[in-house]
Amino acid sequence: MNEYDSNRIFDVLKKIGYSKTENISETDCYILNTCHIREKATEKVYHDVGRLKKEFKNRKKPILIVTGCVAQAEGEEMLKRENYIDSVIGPQSYHKISKIIKDIEAKKQKINVTEFDTIEKFDTLNLIKNSNSKVSSFLTIQEGCDKFCNFCVVPYTRGPEYSRTVSEILEEAKVLVENGSKEITLLGQNVNAYLNNKKKLSDLIYTLSKIKGLERIRYTTSHPKDMTDDLIGAHKDIKKLMPILHLPVQTGSTKILKLMNRKHNIEEYYNIIEKLKKFVPNIKFSSDFIIGYPGETDKDFNDTLRLMKKVQFINSYSFVFSARPGTPAAKKNIVKDDISKQRLSNFQELSEKIKINYKKKLLDSSVEVLFENRIDENSFFGRDKFFNSVIVKSNKNLNGKILNVKIKNFNTNTLFGTISDFNEKPFAA
Ligand code: SAM
Ligand code: SF4
C-alpha cells in the first residue's frame with residue numbers, strides 16, 4: 001500500500017511542477033514514506049534523516065517531509081526531536097501535500113497533519129489521474145481496520161475501515177489499463193471487508209473483470225473472518241482472478257488466536273481452505289505468521305508447524321512478535337528472545353523446505369507468465385499465476401506479454417525457464 005501511496009503522492013506533486021529523481025544530492029524536496037508495523041521503523045527514519053543531513057552539509061537543505069504510519073504514530077514527537085524535518089503527514093492526509101509544501105516555503109514553520117480525512121483524500125485523488133504505467137499495478141480500494149487484533153497498530157495509524165465506491169475504482173482501473181497495466185492487485189488492510197453501497201469485494205471483482213485488456217486480478221490482504229462464500233465463489237467463476245490467496249493466519253493455535261483477538265479459530269481457517277480447494281483444485285495459499293506471541297508454548301508452536309505442513313503454503317512471511325506501543329499485547333509477558341528466535345528459525349526452515357519441494361515439482365512443467373520488466377539487456381522478469389517470480393532470456397521485448405514458460409531451474413525465490421510458445425528462438429536459460 002505504501003508503494004501505491006508513494007505513486008499517488010507523486011501524482012499530486014507533479015501538478016505543482018515536481019519530478020522524480022534518483023539522485024539524492026539534487027533533491028529540493030525529500031519525502032520519506034514510512035511503515036510502522038514492526039519496531040525499528042522510527043529509528044530507520046532518524047537514520048535516513050542523518051544521511052540526508054550529511055549529504056546537504058553546508059548547503060541549503062531540501063524540504064523534508066515524513067509521511068505514512070510512522071508520521072501518524074509519532075507526529076509532534078518527531079518534529080520536536082528532529083529539527084531537520086519540516087512536516088509530518090499521516091496516511092489519510094497526503095492529498096494535502098502540495099499546500100503543505102507551499103506553506104512550508106512561505107511560512108517556514110513546522111507542519112503536523114495527522115487527521116483521518118479518508119473521504120476527502122479519495123475525493124481529491126479521484127480528480128488526479130493515476131499516472132502509473134506498470135504492467136502490474138496496485139489499486140487501493142479499502143483502507144483502515146476495525147478489527148483491533150491485540151498486536152497490531154493499523155487501526156490506530158490508518159484509522160477506521162473505509163471502502164471507495166465501485167465507480168471510482170472502475171474509473172481508476174480503466175486508466176491503469178489504458179496506461180498499459182495487464183494486472184491489477186486490489187489493496188486494502190482488510191481488502192475482503194470491502195463494502196460500499198451494498199457492493200462487496202466479489203461484486204467489485206465481477207465488475208472489474210469485464211474491463212477489456214485487463215488480464216489478471218489479485219487482491220490483498222484478506223482476513224479469514226471476511227472470506228465469505230460469495231468471494232470463494234468468485235474464485236471459481238472469474239478466470240481473471242488468480243488462483244492464489246494470501247490469507248494471513250498468524251498462528252496454528254486456536255488458544256493464541258483467541259489471545260490475539262483474531263475472531264476465528266483454526267477449524268474455521270481450515271474450512272475456508274477446503275472450500276476454496278473444492279472450487280479451484282489447483283489453488284495455492286500464502287500467509288503471515290507471528291512467532292513467539294505472548295503466551296505461546298511449545299505446544300502452540302507445534303500447532304503452527306502442523307498447520308504449515310497441512311496447508312503447504314507456497315510462501316510465508318514470518319516474524320517474531322514485535323511489541324507495539326499502545327497495543328494491548330505490548331503489556332503482556334513476552335516469550336524469551338532466544339526461544340522466539342529458535343522457533344522462528346525452525347519455522348522458516350520448514351517453510352523453505354515446503355517452498356523448495358513445490359518448486360522442484362514445477363521443473364519441466366509449463367507455467368503462464370505475465371512479463372513485467374526487463375532486468376538486463378536480454379533477461380525479463382515476470383510472474384506466473386501463483387505469483388512466483390520467473391526470469392527468462394529473450395532477444396525480443398516481452399514486457400506486457402503473457403507467455404508459456406518451461407521451467408528449467410529454480411532457486412528459493414525465482415524460477416528460471418525458456419519460452420515455449422514464442423515464435424522465435426529464445427536464448428538458453
Ligand atoms: N489485515 C491483515 C490481517 O489481518 O491478516 C494483515 C495486515 S498487517 C498490516 C500485515 C502483517 O504484519 C500481519 O499479518 C502480521 O503478521 C504482521 N504484524 C502486524 N503486527 C505485528 C507485530 N506486532 N509483530 C509482528 N508482526 C506483526
Ligand atoms: Fe491489523 Fe489485520 Fe488485525 Fe486489522 S485485521 S488489526 S490490520 S492484523
Side-chain angles (χ1 to χ4, degrees), residues 1-13 15-16 18 29-46 48-49 52 63-104 107 109-128 130 138-149 151-164 187-191 193 221 322 324-327 330:
M1 188 169 279
N2 271 18
E3 186 176 328
Y4 175 86
D5 289 345
S6 298
N7 286 333
R8 295 303 271 152
I9 289 171
F10 173 61
D11 288 339
V12 174
L13 289 181
K15 291 240 159 215
I16 58 163
Y18 280 92
C29 176
Y30 189 87
I31 301 168
L32 264 170
N33 194 17
T34 59
C35 173
H36 200 238
I37 200 77
R38 280 176 294 271
E39 64 192 332
K40 300 211 174 90
T42 314
E43 290 316 309
K44 267 196 219 155
V45 172
Y46 292 117
D48 252 36
V49 174
L52 196 69
I63 291 174
L64 171 58
I65 301 177
V66 181
T67 57
C69 291
V70 175
Q72 185 69 40
E74 304 284 324
E76 209 53 44
E77 197 47 47
M78 205 151 229
L79 292 178
K80 273 192 208 140
R81 178 168 155 186
E82 181 46 86
N83 195 34
Y84 212 71
I85 300 172
D86 295 296
S87 175
V88 285
I89 308 177
Q92 306 307 1
S93 301
Y94 67 71
H95 57 292
K96 300 174 188 162
I97 194 162
S98 309
K99 180 166 182 316
I100 293 168
I101 288 180
K102 283 182 185 152
D103 285 349
I104 294 170
K107 298 180 196 154
Q109 67 183 34
K110 307 272 160 201
I111 303 175
N112 175 355
V113 189
T114 43
E115 298 92 31
F116 289 134
D117 286 336
T118 321
I119 299 176
E120 186 191 295
K121 176 176 90 172
F122 282 113
D123 283 350
T124 309
L125 292 179
N126 287 336
L127 303 173
I128 301 170
N130 188 327
F138 292 129
L139 203 175
T140 293
I141 64 163
Q142 183 278 341
E143 275 205 51
C145 179
D146 298 337
K147 293 200 169 58
F148 290 90
C149 297
F151 52 81
C152 184
V153 288
V154 168
Y156 312 98
T157 56
R158 286 266 170 183
E161 280 180 13
Y162 172 80
S163 297
R164 301 175 68 192
L187 298 180
Q189 270 85 38
N190 278 280
V191 74
T221 299
S322 165
R324 310 305 292 122
T327 61

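This one's a predicted model, so the numbers in the text were calculated from it and none came from an experiment.
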[atom1] of [X] to [atom2] of [Y]: how many Å apart, nearest 0.5 Å?
{"X": "Asn112", "Y": "Glu77", "atom1": "CG", "atom2": "CD", "result": "11.0 Å"}
{"X": "Leu32", "Y": "Leu52", "atom1": "CG", "atom2": "CG", "result": "8.0 Å"}
{"X": "Asn7", "Y": "Asn130", "atom1": "CG", "atom2": "CG", "result": "7.0 Å"}
{"X": "Ser322", "Y": "Arg38", "atom1": "OG", "atom2": "CZ", "result": "7.5 Å"}
{"X": "Cys29", "Y": "Leu64", "atom1": "SG", "atom2": "CG", "result": "8.0 Å"}
{"X": "Ile100", "Y": "Ile63", "atom1": "CD1", "atom2": "CD1", "result": "11.0 Å"}

Within the side chain of [X], is there an N or O that forms a donor-acceptor pair under 3.5 Å with the backbone of [Y]?
{"X": "Thr34", "Y": "Thr67", "answer": "yes"}
{"X": "Thr124", "Y": "Glu120", "answer": "yes"}
{"X": "Thr140", "Y": "Leu187", "answer": "no"}
{"X": "Arg324", "Y": "Ala330", "answer": "no"}
{"X": "Glu82", "Y": "Tyr84", "answer": "yes"}

Worked check of side-chain contact (heavy atoms from CB on, under 4.5 Å) between Tyr30 and Val49: CA-CA 10 Å; Tyr30 189 87; Val49 174; over 6 Å; no
I want to check something: taking the side chain as every heavy atom from C-beta on, are [X] and [Y] in contact at a cut-off of under 4.5 Å?
{"X": "Tyr162", "Y": "Phe116", "value": "no"}
{"X": "Thr221", "Y": "Asn190", "value": "no"}
{"X": "Lys44", "Y": "Val70", "value": "no"}
{"X": "Lys102", "Y": "Ile16", "value": "yes"}
{"X": "Ile89", "Y": "Thr114", "value": "no"}

Compare every heavy atom of [Y] with every heavy atom of [X], then report the nearest pair and how far apart it is.
{"X": "Ser98", "Y": "Val12", "value": "OG-CG1, 3.3 Å"}
{"X": "Ser6", "Y": "Asn33", "value": "OG-ND2, 3.0 Å"}
{"X": "Leu79", "Y": "Lys110", "value": "CD1-CB, 4.1 Å"}
{"X": "Asn2", "Y": "Cys35", "value": "ND2-N, 3.8 Å"}
{"X": "Arg164", "Y": "Tyr4", "value": "NH1-OH, 3.5 Å"}
{"X": "Gly188", "Y": "Met1", "value": "CA-CE, 3.6 Å"}

Would you mind checking if [Y] and [X] are paired as a salt bridge, meaning a charged N to carboxylate O distance below 4.0 Å?
{"X": "Arg158", "Y": "Asp5", "answer": "yes"}
{"X": "Glu161", "Y": "Lys147", "answer": "yes"}
{"X": "Asp103", "Y": "Lys99", "answer": "yes"}
{"X": "Arg81", "Y": "Glu43", "answer": "yes"}
{"X": "Lys121", "Y": "Glu143", "answer": "yes"}

Verdict with supporting geometry, Val88 and Val113, side-chain contact (heavy atoms from CB on, under 4.5 Å): CA-CA 6 Å; Val88 285; Val113 189; over 6 Å; no
Lys/Arg cation over aromatic Tyr94: Arg8, 6.0 Å, 45° cone: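 The answer is no, since Arg8 fails at least one limit relative to Tyr94.
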Partners meeting ring pair (Phe, Tyr, Trp, His ring centres under 6.0 Å) with Tyr156 (sequence neighbours left out):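 Tyr156 satisfies ring pair (Phe, Tyr, Trp, His ring centres under 6.0 Å) with Phe148 once adjacent residues are dropped.
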Residue Ile119 excluded, over 12 heavy atoms near CD1 under 6.0 Å: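 At most 12 heavy atoms, drawn from other residues, nucleotides or ligands, come within 6.0 Å of this atom.
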Partner set under side chain to side chain contact (heavy atoms under 4.5 Å, CB included) for Ser163, not counting sequence neighbours: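 Gln142, Tyr194, Asn196.
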Trace of the side-chain contact (heavy atoms from CB on, under 4.5 Å) decision for Ile104 with Ser87: CA-CA 8 Å; Ile104 294 170; Ser87 175; 3.8 Å; yes
From CA spacing to verdict: side-chain contact (heavy atoms from CB on, under 4.5 Å), His95, Ile128: CA-CA 10 Å; His95 57 292; Ile128 301 170; over 6 Å; no
side-chain hydrogen bond (donor to acceptor under 3.5 Å, both in side chains) evaluation trace for Asp117 with Gln92: CA-CA 5 Å; Asp117 286 336; Gln92 306 307 1; over 6 Å; no
